[in-house]
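Quick caveat, the model's predicted, so the values are computed rather than measured.
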Amino acid sequence: MAQKINDNTRKSFNGEPIRAGEVLVPQFVDDKAYAISLGAKPENLRTWSKGGVQYMVMFVPVPVNQEKICQQAFDAAVNDYLDEKLGPNRYSRCLIPQPDGTKKVCPKIKNGNHAPCATCPHRGEYEREDRSMASIEMLNEEEYHPMEAAPSAESESLMKLMFNDLKDYLHDISPALEDVVTLGFEGFDRNEVVQHLPVKKSQAYTTYDKAEKLTREFLFD
């Protein structure tokens with residue numbers, strides 16, 4: 001199994017102690033030499049991995065009240081990098097060998113039928129499906145969740161562009177709305193999405209319904 005190499009030991013990028021009222025947040029490093037030119041110490045840089053892709057991180061002190069927005073900026077940078085490296089196959093599922101010698105696509109997560117990809121004990125063991133030629137029509141044949149509703153299109157690149165535009169649109173309204181479609185695209189059902197949202201349960205269902213409504217309006221109106 002591929003080893004996840006995320007090192008959670010956090011040290012300030014330049015080795016300086018953080019001041020009262022500050023916290024360390026990760027910052028995506030796309031150029032190690034440039035980071036060092038800014039004062040980063042190589043021993044304080046970390047290599048993390050996600051979806052089988054490695055990337056470099058340094059930790060920057062920021063005021064506590066800016067932690068959330070800086071974390072969101074980091075997550076956005078990592079997502080952009082994963083999109084660049086993995087393309088349409090970023091969301092492909094594992095191909096599970098069957099007793100008759102065939103392979104079956106791992107089903108979506110529903111009612112706890114299996115572990116999420118991020119914590120799956122078999123992560124990295126199996127070949128993954130090739131979705132580079134998948135069309136939106138094929139996605140729409142599957143069970144609906146907020147990210148699967150989309151107008152007809154022939155190219156996967158168009159689907160990716162629309163998905164990113166949709167996320168940006170929802171994020172500007174509320175980051176929680178963006179979380180709904182991101183989790184939905186990754187295979188979580190309605191109840192599982194609600195459980196992962198950082199809001200009260202009653203508010204989470206309202207957020208989910210709003211995200212679904214706005215997604216339909218964005219894609220069809």
Side-chain angles (χ1 to χ4, degrees), residues 6 8 10 21-28 30 48 50-51 53 55 57 59-88 90-91 108-112 115-119 136 139-140 142-151 153 156-221:
N6 290 9
N8 290 321
R10 300 194 174 196
E22 291 184 334
V23 293
L24 290 176
V25 297
Q27 180 173 316
F28 180 78
D30 59 0
W48 285 3
K50 187 174 183 179
V53 176
Y55 53 93
V57 175
F59 298 99
V60 179
V62 300
V64 172
N65 62 0
Q66 295 182 20
E67 179 181 9
K68 184 175 180 179
I69 191 170
C70 291
Q71 182 66 48
Q72 290 173 346
F74 169 74
D75 293 340
V78 171
N79 279 330
D80 287 345
Y81 186 68
L82 293 176
D83 284 343
E84 176 187 339
K85 292 295 183 181
L86 300 177
R90 177 178 176 184
Y91 299 102
K108 292 181 182 180
I109 300 173
K110 187 173 184 180
N111 298 325
C117 293
T119 59
I136 293 177
L139 292 176
N140 283 337
E142 301 177 357
E143 179 184 353
Y144 172 79
H145 54 67
M147 193 47 243
E148 284 178 342
E156 187 73 18
S157 61
L158 177 58
M159 182 186 72
K160 175 183 172 182
L161 179 62
M162 293 176 65
F163 180 43
N164 289 335
D165 287 345
L166 173 61
K167 290 199 301 179
D168 290 343
Y169 167 71
L170 294 175
H171 181 84
D172 288 341
I173 300 173
S174 169
L177 296 174
E178 179 189 5
D179 290 341
V180 171
V181 296
T182 300
L183 290 167
F185 194 89
E186 293 176 354
F188 291 85
D189 65 21
R190 187 172 188 267
N191 290 332
E192 290 166 331
V193 169
V194 165
Q195 292 173 6
H196 282 76
L197 294 179
V199 296
K200 293 182 179 179
K201 190 171 183 180
S202 59
Q203 183 182 350
Y205 280 107
T206 300
T207 300
Y208 183 99
D209 292 340
K210 183 177 181 179
E212 182 175 340
K213 178 177 181 293
L214 290 173
T215 297
R216 289 184 179 277
E217 291 175 354
F218 181 86
L219 295 174
F220 292 119
D221 293 348

For the residue pair V193 and V180, what are the closest heavy atoms and their distance? CG1-CA, 4.0 Å
About how many Å separate CG of N65 and SG of C70, when rounded to the nearest 0.5 Å? 9.5 Å
Closest non-hydrogen atoms of V25 and E67, given as atom of the first, atom of the second and distance, are CG1-CG, 3.8 Å
Give the minimum heavy-atom separation between L177 and T207, together with the two atoms involved. CD2-O, 3.4 Å
Identified side chain to side chain donor-acceptor pair (under 3.5 Å) partner of E178 from the options K167, Q72, H171: H171
Provide the closest heavy-atom pair for V194 versus A204 in the form atom of the first, atom of the second, distance. CG1-CB, 3.5 Å
Minimum heavy-atom separation for E22 to V64, with atom names? N-CG2, 4.2 Å
Counting C-beta onward and ignoring hydrogens, is there a side-chain heavy-atom pair between L170 and T215 closer than 4.5 Å? yes
Hey, what do you get for CD1 (I173) to NZ (K210), rounding to the nearest 0.5 Å? 6.0 Å
Can you tell me how far CD1 of I69 sits from CZ of F74, rounded to the nearest 0.5 angstrom? 15.5 Å
Determine the interplanar angle of the F28 and Y55 rings, folded into 0 to 90°, and report it as parallel if under 30°, tilted if 30 to 60°, perpendicular if over 60°. tilted
